[in-house]
A.B. asks: 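This is the structure I have questions about; it appears just below.
The residues of the chain are indexed from 1 along the displayed sequence. Keep in mind it's a predicted model, so treat the numbers as computed, not measured.
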Amino acid sequence: MVTLGARDVPGLRRFYRALGWAELPGSDDGRVGFLLAGVLLVLRPAAGTDGATGGAMLTCTVTGPRQVDSACVAAVAAGATVLAEPADHPEGGRSACVADPEGNRWEIAWAPLARWRTEDGQAPPAAPAAPASDEPHRASAELLHHHGASDEVVAAHLVAAGGNGPGWAVETLLCAARTARREGRPEQAVDFLRRALAEPLPPARRGGVLTELGSLEVTLGPADRALGVRHLAESVRLEQSDVSVFKAANALGTALAARGQTSVALEVMEELAERFTGHPELAWAVQVAAALIASHDGHSWLETVDRLRRLAATTPARPAPAVRVLLAEFDSTSGRLSAAEAAAVAREVTVEPLDPFSRTYVLASAATLAQWADELALADRLVTEGLTGHRGPLVDPGYQSLLSVHAESLVMRGRYRELLEACHGWGVLIGPPARPAPSGVGNAHLVAQAVIALTETGRAAEARRLADSIAVDGSHGSWEWNEFLYARGLLSLAEGDPAGALDDLSECGRGQSARQVTSPVVTPWRSAAADCQLLLGRPAAAVALATEELAAARRWGTPRCVGRALRALGTATGGRAGLATVERAVALLRTAGTDPELIAALAAHGRLLAAAGHRTAARGALREAARHAERIGAGRWCAVVAALLAAAGARRATASQTGAHALTGSERRICALAAQGHSNPEIAALLHLALRTVETHLTNSFRKLGVRRRTELAGRLAAEPAVPDR
């Protein structure tokens, strides 16, 4: 029995009744009892218990880790305040802490039985058995539903009750699942969807729930992932509409390919194509979906592209937009198309009417072509249109391709902070500013872009941790894996390990060659490998790689590609000829509108000018590079250029201009208080400063740290500790 002294017994009584707890007969506003599976909770006026209220830690145990989250949501909906969000413990178990309306603290906890020990080290006696009947939860669900409680609160009771529920149960569970998924709680969404399957459902409706459930499960841990594949397979076998079967099979094929079972995935798509022989739009959509799934394996990818070419050549009608744009992607990477020709295809297919089945694929491929051709405004528009209009599973390969285009476009323009913020939302990075929604989980290309962004912003240690977290799995042979190898090679090069970088870059090159990818528009590995060879004392090998890349870049024809290759060739060549080549690169890249490549070219120009004895001109080029690097928050280049400026005889800067180490003492104190949640007026009062002074310091600090929101401060300060004042 636990007794709480209450200042407002009727109010506290309403709170616990809102949780659905069973009140003992004979309770009234003077004394209330709740029997909780062997524990009796009594509420009495505070004066009757010597005023003892608050301060006690009461514990409510639940049957599994996910129930901690569900119970926490239900408590908040009833009026509780969260004191500690649900979290796992290193020693095992999971818990959260909430306070009722009068501040009494409740720990909601789950732990394996073996973790619990008495003071003498012995295992405790068995926990009290749960009530034999689930009727209290059923009754609570009914009551809460009719009193307008949120879907998630009602759904939590439906999950606890199990079995069949009332007629409205399915809709409540599905709405609760969608809310949980949208707010980044996929495990809870899975619980709600699994419970929905216990209700009697017609085949079509059951198939939809299975597709939604399986698509979520394959983004979770190994056990859930295996179950997700089975649920998707069951959905495909059910009698549903063609569109529903297409969505389920597409999700299943993608999940299988991600597990290294590309051949099995393609068999699923072949069976689907036979079903849709009388539906041309769906048949073409299946072929394109199969091609994207086949991209997880180089050999399967080439076979699929060859099959699409034959189909396009033998079909009387003009091939569908999805087929034309996908073949244009292949021809662009294999050097058969120029940037201008690829951009023309992107515009052509997106002005035509698009069928709803292949719409996401067409927009993703067209956006990819536009991005490669440096038509970034067009690429942005197509990505936005595709993401906002997508209605299928998040594991859909077209949807994942749209995320990839968006990510790479941000990296191309040096918008690293924006990319890293997006990666938190996609579940690629874990931590501030929010709990992740796993829309991009399993996408190695998104991880690659995050590694590049972290590297370029001077956060190499974080980049290495992220890169090392990627497991060796079924993604090998995919285009995403080659992009990841390229990113990891750039990271090793930035860390001062050119030999390790060359290993990854060469492996990337072999993987791309196996896929007939010769254009540097995708992974310009030769330029980076040339830099490695030069650092390893092999200039002839560096020149050969850069020359090969320049020839391919000129076939493509964008200033960015050509300028990058010229920079690599000039750096490898050195001397007067190399200086002239790098000067052409700088002039070309000034027209490209992508800062990262221009910064690298300006740094190379400054280095070669200094080597030629033109120290004043060298400092001018390097200062221009420094301005661009600081503007986009490229911390790595800020450090590199600062060292080159010092070598060229420039005066030492009075202070670093970016990063936590660049903050003054006052700025650090203000940032620390802001990170703790204090408002600007509160900070001004605490530090005895004018409000305008606090605002000015925060503005300067945000610029130096490369953040946009106060919620990002804590993570940024922790990731890059400041240098103590001297």
A.B. asks: Looking only at heavy atoms, which two atoms of L466 and A450 are closest? And how far apart?
C.D. replies: CD2-CB, 3.7 Å
A.B. asks: Might you point out which heavy atoms bring S332 and L337 nearest each other, and give the distance in Å?
C.D. replies: OG-CD1, 3.9 Å
A.B. asks: What distance do E549 atom CD and L569 atom CG have between them, rounded to the nearest 0.5 Å?
C.D. replies: 10.5 Å
A.B. asks: About how many Å separate CD of E421 and CG of L410, when rounded to the nearest 0.5 Å?
C.D. replies: 10.5 Å
A.B. asks: Determine whether L326 and Y361 make a side-chain contact, defined as any pair of heavy atoms from C-beta on separated by less than 4.5 Å.
C.D. replies: no
A.B. asks: Test F330 against Q516 for side chain to side chain contact (heavy atoms under 4.5 Å, CB included), laying out the working first.
C.D. replies: CA-CA 9 Å; F330 180 84; Q516 297 185 19; 3.5 Å; yes
A.B. asks: Can you list every salt bridge (Lys or Arg N to Asp or Glu O under 4.0 Å) pair that touches residues 604-616, not counting sequence neighbours?
C.D. replies: none
A.B. asks: I'd like to check T693 versus L687 (side-chain heavy atoms, cut-off strictly below 4.5 Å). Are they in contact?
C.D. replies: no
A.B. asks: Within a strict 4.5 Å, meaning less than it, do heavy atoms of the T368 and S401 side chains meet?
C.D. replies: no
A.B. asks: Using the rule given for side chain to side chain contact (heavy atoms under 4.5 Å, CB included), can you reason through L403 versus L387, listing the C-alpha separation, both sets of side-chain angles and the distance that settles it, and then say yes or no?
C.D. replies: CA-CA 8 Å; L403 293 183; L387 291 176; 3.9 Å; yes
A.B. asks: Report the distance from atom CD of E480 to atom CD of E483, rounding to the nearest 0.5 Å.
C.D. replies: 8.5 Å
A.B. asks: Report the residues that fulfil salt bridge (charged side-chain N to carboxylate O under 4.0 Å, His left out) with R555, sequence neighbours left out, ordered by chain and then residue number.
C.D. replies: none
A.B. asks: Show your working on side chain to side chain contact (heavy atoms under 4.5 Å, CB included) between T699 and R703 and close with a plain yes or no.
C.D. replies: CA-CA 6 Å; T699 299; R703 176 183 56 79; over 6 Å; no
A.B. asks: Can you name the nearest heavy-atom pair linking G570 to L608, along with the distance?
C.D. replies: O-CD1, 4.1 Å
A.B. asks: Pair up each side-chain donor or acceptor in residues 499-506 with any protein partner under 3.5 Å, not counting sequence neighbours, and list the distances.
C.D. replies:
unit_1 : atom_1 : unit_2 : atom_2 : d
D504   : OD1    : R488   : NH2    : 3.0
D504   : OD2    : R488   : NE     : 2.8
S506   : OG     : L502   : O      : 2.8

A.B. asks: Are side-chain heavy atoms of R710 and L698 found at a separation under 4.5 Å?
C.D. replies: yes
A.B. asks: Indicate yes or no: at least one non-hydrogen side-chain atom of L493 is less than 4.5 angstrom from one of L535.
C.D. replies: yes
A.B. asks: To check you understand the geometry: which heavy-atom pair defines the closest contact between C671 and L705, and what is its length?
C.D. replies: SG-CD1, 4.3 Å
A.B. asks: Rounded to the nearest 0.5 Å, how far apart are CG of L327 and CG of D331?
C.D. replies: 6.5 Å
A.B. asks: So, for W525 and C508, which heavy atoms are closest and what is the spacing to 0.1 Å?
C.D. replies: CB-SG, 4.2 Å
A.B. asks: Apply side chain to side chain contact (heavy atoms under 4.5 Å, CB included) to residues S492 and R464 and explain how you reach the verdict.
C.D. replies: CA-CA 9 Å; S492 295; R464 176 55 64 185; 3.1 Å; yes
A.B. asks: Only pairs at least two apart or in different chains count here, so list each side chain to side chain donor-acceptor pair (under 3.5 Å) that has a residue in residues 567-579.
C.D. replies: D531-R567
A.B. asks: Distance-only criterion, 3.5 Å: show the donor-acceptor pairs between side-chain atoms of residues 412-419 and protein atoms not counting sequence neighbours.
C.D. replies:
unit_1 : atom_1 : unit_2 : atom_2 : d
R413   : NE     : S409   : O      : 3.3
R413   : NH1    : D380   : OD2    : 3.0
R413   : NH2    : D380   : OD1    : 2.9
R413   : NH2    : D380   : OD2    : 3.0
R413   : NH2    : S409   : OG     : 2.5
R415   : NE     : E418   : OE1    : 3.0
R415   : NH2    : E418   : OE1    : 2.9
R415   : NH2    : E418   : OE2    : 3.0
R417   : NE     : G706   : O      : 3.2

A.B. asks: Could you check if a side-chain atom of D595 sits within less than 4.5 angstrom of a side-chain atom of R631, using non-hydrogen atoms only?
C.D. replies: yes
A.B. asks: Using side-chain heavy atoms (C-beta onward) and a distance below 4.5 Å, is T333 in contact with W372?
C.D. replies: yes
A.B. asks: Between T457 and L454 (side chain of the first, backbone of the second, donor and acceptor by atom type, cut-off under 3.5 Å), is there such a pair?
C.D. replies: yes
A.B. asks: Looking at side-chain heavy atoms only, is the closest gap between Q371 and L376 below 4.5 Å?
C.D. replies: yes
A.B. asks: Determine, step by step, whether S334 and R336 satisfy the side-chain hydrogen bond (donor to acceptor under 3.5 Å, both in side chains) criterion, reporting the C-alpha distance in whole Å, the side-chain angles of both residues, the deciding distance to 0.1 Å, and the verdict.
C.D. replies: CA-CA 6 Å; S334 60; R336 294 179 174 90; 2.6 Å; yes
A.B. asks: Fit a plane to each ring of W479 and H445, take the angle between them on a 0 to 90° scale, and name the class: parallel (under 30°), tilted (30 to 60°) or perpendicular (over 60°).
C.D. replies: tilted
A.B. asks: Could you give the distance from CD (E408) to CD1 (I452), rounded to the nearest 0.5 Å?
C.D. replies: 7.5 Å
A.B. asks: Taking all non-hydrogen atoms of both residues, which atom of A585 and which atom of L566 are closest, and how far apart?
C.D. replies: CB-CB, 3.7 Å
A.B. asks: Would you give the length of the straight line joining atom CZ of F702 to atom CD of E667, rounded to the nearest 0.5 angstrom?
C.D. replies: 11.5 Å
A.B. asks: Kindly write out the residues that satisfy side chain to side chain contact (heavy atoms under 4.5 Å, CB included) with R623, not counting sequence neighbours, or none if the list is empty.
C.D. replies: R619, R627, L645, A650
A.B. asks: Counting distance only, does the side-chain N/O of R564 pair as donor-acceptor with the main-chain N or O of P520 below 3.5 Å?
C.D. replies: yes
